[in-house]
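Below is one structure, written out as structure tokens; the observations come after it.
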Amino acid sequence: MVNKPDNTDSHKKKPLVACPTCSKKQEWSTENPFRPFCSERCKLIDLGAWAAEAYQIPAEPSVDDYSSSFEDSESADYLDRPLH
């Protein structure tokens, strides 16, 4: 009989991850309901920053961002008028 290594969760070493809010190292575990955060407090801090639009990606506006304003009827009438 060959002894196989036991692969149950109790014998595996779980990876350590840093909380995105406070950087506290913790084991990545399904037992933590707030993962990837270390606590409910850190999760709520992150949610507040998201709600305040603190996580924005800077970008230059494209032509498509402006073109939609010319598709309504008032803008279309304006474009059809001759220039003086």
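Predicted, not measured: the structure shown is a model, and the values here were computed from it.
- Rounding to the nearest 0.5 Å places CD of E27 at 6.0 Å from CG of L16.
- Criterion: ILVMFWY side-chain heavy atoms under 4.5 Å apart, direct or through other members. Under it, W50 and I45 are not part of a common hydrophobic cluster.
- Going from atom NZ of K25 over to atom SG of C22 covers 11.0 Å, rounded to the nearest 0.5 Å.
- The SG atom of C19 lies 8.5 Å from the CG atom of D46; values are rounded to the nearest 0.5 Å.
- Considering only residues two or more places apart in sequence or on other chains, A49 meets the side chain to side chain contact (heavy atoms under 4.5 Å, CB included) condition with A54, Y55.
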Scan the side chains in residues 30-38 for donor-acceptor partners under 3.5 Å anywhere in the protein, sequence neighbours excluded, and list what turns up.
| residue | atom | partner | partner atom | Å |
| --- | --- | --- | --- | --- |
| N32 | OD1 | F34 | N | 2.9 |
| N32 | ND2 | F37 | O | 3.0 |
| R35 | NH1 | S29 | O | 3.2 |
| R35 | NH1 | T30 | O | 3.3 |
| R35 | NH1 | N32 | O | 3.2 |

